[in-house]
Amino acid sequence: MEGVTLEYDLLVTIPPHSGMDVVDDSKLGKGGWATTDPATLQHTEHSDIFVIGDTTNIPISKAGSTAHFESEAVIANITSLIKEGCWSRYYDGKVFCFVETGMDSGAYVWFNYTTPPNPGPPSQMIHRLKLAYNCLYWLSAKGLL
Ligand SMILES: Cc1cc2nc3c(=O)[nH]c(=O)nc-3n(C[C@H](O)[C@H](O)[C@H](O)COP(=O)(O)OP(=O)(O)OC[C@H]3O[C@@H](n4cnc5c(N)ncnc54)[C@H](O)[C@@H]3O)c2cc1C
């Protein structure tokens with residue numbers, strides 16, 4: 001991108017992020033990102049559309065964990081809007097992720113709109129906790145727990 005040539009043995013590279021054409025084609029956003037209210041996760045121009053996951057334009061990381069915590073806020077709000085006609089909570093930008101730091105060690109980070117990520121020291125215990133969490137998460141998602 002910058003016209004620089006580098007020599008390498010193994011290249012691990014990440015292409016520039018871009019959104020989906022379908023968002024622009026549907027006039028729901030710009031550059032493939034749907035314009036989203038960071039607190040309510042409503043589309044900024046269509047109040048009956050809620051947006052979660054990678055397609056939002058909110059200033060938070062694109063991660064499965066982000067979509068997970070966003071969905072909790074959206075589900076709570078759709079339920080309370082239908083039942084009581086009011087909002088029950090705002091999304092505060094919460095994300096929690098495990099980070100593998102080696103073959104047998106891991107750490108975790110959590111952050112939100114106002115608190116930047118601050119990973120703790122890696123350990124084998126956190127790595128094992130992550131492996132267990134993976135199993136529990138998918139068993140729970142399949143309704144087996
Ligand atoms: C290599 C890699 C590693 C990652 N590791 C992690 C991790 O360790 N932890 C973590 O939390 N996150 C991780 N992520 C990020 C995570 O995968 C995404 O943030 C998450 O999947 C976003 O979910 P989503 O539902 O918003 O979008 P997606 O999972 O991308 O789902 C969008 C869906 O829409 C479909 N679609 C697109 N266009 C159309 C259309 N026109 N009509 C119909 N369907 C359409 C796509 O096919 C896709 O199935 C990783 C991502 C990558 C690429």
Side-chain angles (χ1 to χ4, degrees), residues 1-24 28-44 46-84 86-145:
M1 282 180 68
E2 290 150 6
V4 177
T5 302
L6 299 170
E7 289 190 14
Y8 57 85
D9 296 319
L10 171 67
L11 175 67
V12 179
T13 184
I14 299 171
H17 282 87
S18 61
M20 304 299 280
D21 290 342
V22 67
V23 173
D24 288 13
L28 290 173
K30 284 186 189 158
W33 313 115
T35 49
T36 310
D37 183 290
T40 65
L41 301 173
Q42 272 174 311
H43 192 275
T44 53
H46 304 279
S47 61
D48 54 345
I49 296 178
F50 290 83
V51 191
I52 65 170
D54 285 7
T55 206
T56 75
N57 72 337
I58 61 177
I60 201 87
S61 72
K62 309 286 187 203
S65 169
T66 309
H68 173 97
F69 288 111
E70 288 170 339
S71 73
E72 289 185 350
V74 167
I75 290 165
N77 283 325
I78 290 177
T79 306
S80 62
L81 284 167
I82 291 171
K83 285 187 173 173
E84 295 152 33
C86 62
W87 297 88
S88 55
R89 55 176 285 195
Y90 292 121
Y91 178 60
D92 65 358
K94 180 181 175 184
V95 180
F96 175 96
C97 290
F98 287 107
V99 182
E100 293 288 9
T101 54
M103 293 302 286
D104 204 22
S105 74
Y108 66 86
V109 284
W110 81 266
F111 47 95
N112 61 25
Y113 291 139
T114 54
T115 310
N118 184 17
S123 72
Q124 188 186 60
M125 190 190 76
I126 297 175
H127 166 72
R128 291 186 176 167
L129 196 60
K130 186 226 166 183
L131 296 181
Y133 175 81
N134 276 359
C135 296
L136 292 173
Y137 183 91
W138 289 112
L139 286 173
S140 163
K142 290 173 184 167
L144 298 173
L145 273 186

Side chain [X], main chain [Y], donor-acceptor under 3.5 Å:
| X | Y | answer |
| --- | --- | --- |
| D37 | T44 | no |
| H43 | L28 | yes |
| S65 | A63 | no |
| T56 | I52 | no |
| S71 | H68 | yes |
| T66 | S61 | yes |

Could you tell me which residues satisfy ring pair (Phe, Tyr, Trp, His ring centres under 6.0 Å) with H127, sequence neighbours excluded, listed by chain and number?
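By the ring pair (Phe, Tyr, Trp, His ring centres under 6.0 Å) rule, H127 matches no residue at all.
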
To the closest 0.5 Å, what do you measure between [atom1] ([X]) and [atom2] ([Y])?
| X | Y | atom1 | atom2 | answer |
| --- | --- | --- | --- | --- |
| S105 | K130 | OG | NZ | 11.5 Å |
| L129 | F98 | CG | CZ | 4.5 Å |
| N112 | T115 | CG | OG1 | 4.0 Å |
| L131 | L136 | CG | CG | 11.0 Å |

Check [X] against [Y] and note the closest heavy-atom contact, atom names and distance.
| X | Y | answer |
| --- | --- | --- |
| V51 | A34 | CG1-CB, 4.0 Å |
| T101 | P122 | OG1-CB, 3.3 Å |
| D24 | G32 | OD1-N, 2.9 Å |

Would you call [X] and [Y] a side-chain contact if the rule is heavy atoms closer than 4.5 Å?
| X | Y | answer |
| --- | --- | --- |
| T40 | N77 | no |
| H17 | D54 | no |
| I58 | E70 | yes |
| W33 | V23 | no |

Could you tell me whether the side chains of D104 and Q124 share a donor-acceptor contact shorter than 3.5 Å?
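Yes - a donor-acceptor pair under 3.5 Å links their side chains.
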
Donor + acceptor pair across side chains of S88, S80 (<3.5 Å)
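Side-chain D/A pair, S88 to S80: present.
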
Counting neighbours of NZ on K62 that are heavy atoms of other residues, nucleotides or ligands and sit closer than 6.0 Å, is the number greater than 12?
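Yes.
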
Using a cut-off of 6.0 Å, state whether more than 12 heavy atoms not belonging to W138 lie near its atom CH2.
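Not more than 12 within 6.0 Å, no.
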
Which one of I75, T36, V74 satisfies the side-chain contact (heavy atoms from CB on, under 4.5 Å) criterion with F50?
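Testing each of I75, T36, V74 against F50, the sole residue satisfying side-chain contact (heavy atoms from CB on, under 4.5 Å) is V74.
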
Can you classify the ring geometry of Y108 versus F96 as parallel (below 30°), tilted (30 to 60°) or perpendicular (above 60°)?
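Parallel.
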
Does the ring centre of Y113 sit less than 6.0 Å away from the ring centre of F111?
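No, the ring centres sit 6.0 Å or more apart.
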
So, for F69 and Y91, is the gap between ring centers shorter than 6.0 Å?
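No - the distance between ring centres of F69 and Y91 does not fall below the 6.0 Å cut-off.
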
